[in-house]
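Since we're looking at a predicted model, the values are computed, not measured.
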Amino acid sequence: MNADPATDVLEEHRPVLTGVAYRMLGRITDAEDVVQEAWLRWSSAGREEVREPRAYLVRITTRLAVDRLRHLRSRREAYVGPWLPEPLTTEEAVGSPPVPDAAERAVLADSVSFAVLVVLESHSPLERVVFVLREAFGFPYAEIAAALDRTEPAVRQLAGRARRHVEERKPRYDVDPAERRGLTERFLAAASGGSIEELMALLAPDVRLVGDAGGKAKAALRTIGSADKVGRFLAAVAQEIGPDWDMRIAEFNGGPAVACFVGGKPDTFLQLEVRDGAIQCIYIVRNPDKLSGLSALFDL
């Protein structure tokens, strides 16, 4: 057991703190940096005056995440091509303590989905943090208001506005996890086998493909729409797949995804959104800065 009480308290609440920070920032490294800064402030605080350590730590983490998000916004405005979150493994957890209730786990998993995090990018930092604390973690409005130095009515207004924006813009893909994984496996088999006809048969007519390379790898610079255009793009990509490609399926951001390694190095991350037995959206991450952690997850 750790001899430092301050560290023990931080470790007890780290899953929630990291979960909040990741949903705010969309980057694992940024989230970990925020939690580390929160620990430094916690360790130097007069803790005898802190009656509720969890609330105190959430407040610090929230404010640090809001400040960092505001700083990152200017950099993301100059980002090359579409921006997508860094893949987060959710094989065993979703950035929170173990959740025995399946419905509650589904809510937490949905709150780290690419669909939700992409929508949250269009929110103001305050709207985003209120949505995360309220919708993902169920924090009381009064506690959120205290964390943000806002009145409770103001927080309720922010929460309502953020919830409406997410509901209006987030695609509704209520699909059985087994069906989603099955379609992911079929997609992977078709791509690996170079069967363009099989790939095309899996795509919805209005399918979209969103690629994120940050100008550091080959990828589409704009969102591609329609089965014909997406199919032709995938056909070109499939031709590049060779014997040195190693593709693994695991759970990321609340759903099955494919991690591709070339010559033992992470090259591409791919996740599908599915509805009515067809692929509605394909997310592809090729920015090497967002893939560096994949090797450790698969012991490569």
Between the main-chain N or O of [Y] and the side-chain N or O of [X], is there a donor-acceptor pair closer than 3.5 Å?
X: Ser111; Y: Ala136; result: no
X: Glu86; Y: Ile28; result: yes
X: Arg248; Y: Cys260; result: no
X: Gln280; Y: Asp206; result: no
X: Arg150; Y: Leu148; result: yes
X: Asn253; Y: Leu88; result: yes
X: Arg76; Y: Leu72; result: no
X: His71; Y: Asp67; result: no
X: Thr18; Y: Pro15; result: no

Could you state the interatomic distance from [atom1] ([X]) to [atom2] ([Y]), rounded to the nearest 0.5 Å?
X: Cys281; Y: Leu209; atom1: SG; atom2: CG; value: 7.5 Å
X: Leu272; Y: Ile282; atom1: CG; atom2: CD1; value: 6.0 Å
X: Arg59; Y: Asp149; atom1: CZ; atom2: CG; value: 8.0 Å
X: Asp246; Y: Lys265; atom1: CG; atom2: NZ; value: 15.0 Å
X: Leu64; Y: Leu17; atom1: CG; atom2: CG; value: 10.5 Å
X: Gln271; Y: Ser113; atom1: CD; atom2: OG; value: 8.0 Å

Flag side-chain contact, heavy atom, 4.5 Å: [X] against [Y]:
X: Asn287; Y: Lys290; answer: yes
X: Arg14; Y: Val35; answer: yes
X: His165; Y: Ser122; answer: no
X: Glu11; Y: Asp8; answer: no
X: Pro85; Y: Tyr22; answer: yes

For this session: Please assess Asp33 against Thr29 for the test side chain to side chain contact (heavy atoms under 4.5 Å, CB included), listing each intermediate value before the final yes or no.
Result: CA-CA 6 Å; Asp33 287 347; Thr29 302; 3.9 Å; yes

For this session: Show your reasoning for whether side chain to side chain contact (heavy atoms under 4.5 Å, CB included) applies to Asp244 and Phe261.
Result: CA-CA 8 Å; Asp244 58 339; Phe261 300 86; over 6 Å; no

Where do [X] and [Y] come nearest, in terms of heavy atoms and distance?
X: Glu152; Y: Ala142; answer: OE1-CB, 3.7 Å
X: Ala250; Y: Phe298; answer: CB-CZ, 3.9 Å
X: Ala159; Y: Tyr141; answer: CB-CE2, 3.8 Å
X: Arg134; Y: Pro140; answer: NH1-CA, 3.8 Å
X: Pro82; Y: Ala220; answer: CD-O, 4.0 Å
X: Ala219; Y: Ala213; answer: CB-CB, 3.5 Å

For this session: Please identify each residue that fulfils salt bridge (charged side-chain N to carboxylate O under 4.0 Å, His left out) with Asp289, with sequence neighbours left out.
Result: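 Asp289 satisfies salt bridge (charged side-chain N to carboxylate O under 4.0 Å, His left out) with Lys216 once adjacent residues are dropped.
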
Problem set entry | Set of salt bridge (charged side-chain N to carboxylate O under 4.0 Å, His left out) partners for Glu197, sequence neighbours left out |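 Salt bridge (charged side-chain N to carboxylate O under 4.0 Å, His left out) check on Glu197 returns nothing, list empty.
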
Name of the residue among [options] meeting side-chain contact (heavy atoms from CB on, under 4.5 Å) with [X]:
X: Leu25; options: Arg68, Arg128, Glu32; answer: Arg68
X: Arg23; options: Leu133, Val116, Val132; answer: Val132
X: Thr268; options: Val262, Ile284, Leu294, Val258; answer: Ile284

For this session: Please determine, by modelled atom types, if Tyr79 and Asp212 share a side-chain donor-acceptor pair under 3.5 angstrom.
Result: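 Yes, a side-chain donor-acceptor pair sits under 3.5 Å.
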
For this session: Scan side-chain atoms only and decide if Arg208 and Thr223 contain a donor-acceptor pair under the 3.5 Å cut-off.
Result: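 No donor-acceptor contact under 3.5 Å links the two side chains.
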
Can you give each donor-acceptor pair under 3.5 Å made by side-chain atoms of residues 182-195, sequence neighbours left out, with the distance rounded to 0.1 Å?
unit_1, atom_1, unit_2, atom_2, d
Thr184, OG1, Arg180, O, 2.8
Glu185, OE2, Arg181, NE, 3.3
Ser192, OG, Leu188, O, 2.8
Ser195, OG, Glu198, N, 3.3

Exercise. Mind checking whether Tyr56 and Trp42 have ring centres under 6.0 Å apart?
Worked result: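 They qualify: ring centres under 6.0 Å apart.
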
For this session: For His123 and Leu120, run side chain to side chain contact (heavy atoms under 4.5 Å, CB included): C-alpha distance rounded to whole Å, both residues' side-chain angles, the deciding distance at 0.1 Å, then the answer.
Result: CA-CA 5 Å; His123 286 55; Leu120 288 178; 4.2 Å; yes

Exercise. Phe139 and Val16: side chain to side chain contact (heavy atoms under 4.5 Å, CB included), yes or no, with the steps?
Worked result: CA-CA 11 Å; Phe139 280 86; Val16 169; 4.3 Å; yes

Exercise. In terms of hydrophobic clustering (I, L, V, M, F, W, Y; side-chain heavy atoms under 4.5 Å; direct or indirect links), are Leu221 and Val285 co-clustered?
Worked result: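 No, Leu221 and Val285 fall in different hydrophobic clusters.
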
Exercise. Trp83 and Leu270: same hydrophobic cluster, using ILVMFWY side-chain contacts below 4.5 Å?
Worked result: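 Looking at the clustering, Leu270 is in a separate group from Trp83.
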
Exercise. Between Arg54 and Glu12, is the closest basic N to carboxylate O distance under 4.0 Å?
Worked result: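 No, this pair does not count.
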
Exercise. Does Arg163 come within less than 4.0 Å of Glu167, counting only side-chain N to carboxylate O?
Worked result: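 Salt bridge flag = no for Glu167 with Arg163.
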
Problem set entry | For His13, all residues meeting ring pair (Phe, Tyr, Trp, His ring centres under 6.0 Å), sequence neighbours excluded |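 Here no residue qualifies.
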
Problem set entry | ring pair (Phe, Tyr, Trp, His ring centres under 6.0 Å) against Phe269, all qualifying residues, sequence neighbours excluded |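 Listed in chain order: Phe114, Phe252.
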
Show me the donor-acceptor pairs, under 3.5 Å and distance only, between side chains in residues 227-243 and residues at least two apart or in other chains.
unit_1, atom_1, unit_2, atom_2, d
Asp228, OD2, Arg232, NE, 3.3
Asp228, OD2, Arg232, NH2, 3.0
Glu240, OE2, Lys218, NZ, 3.3

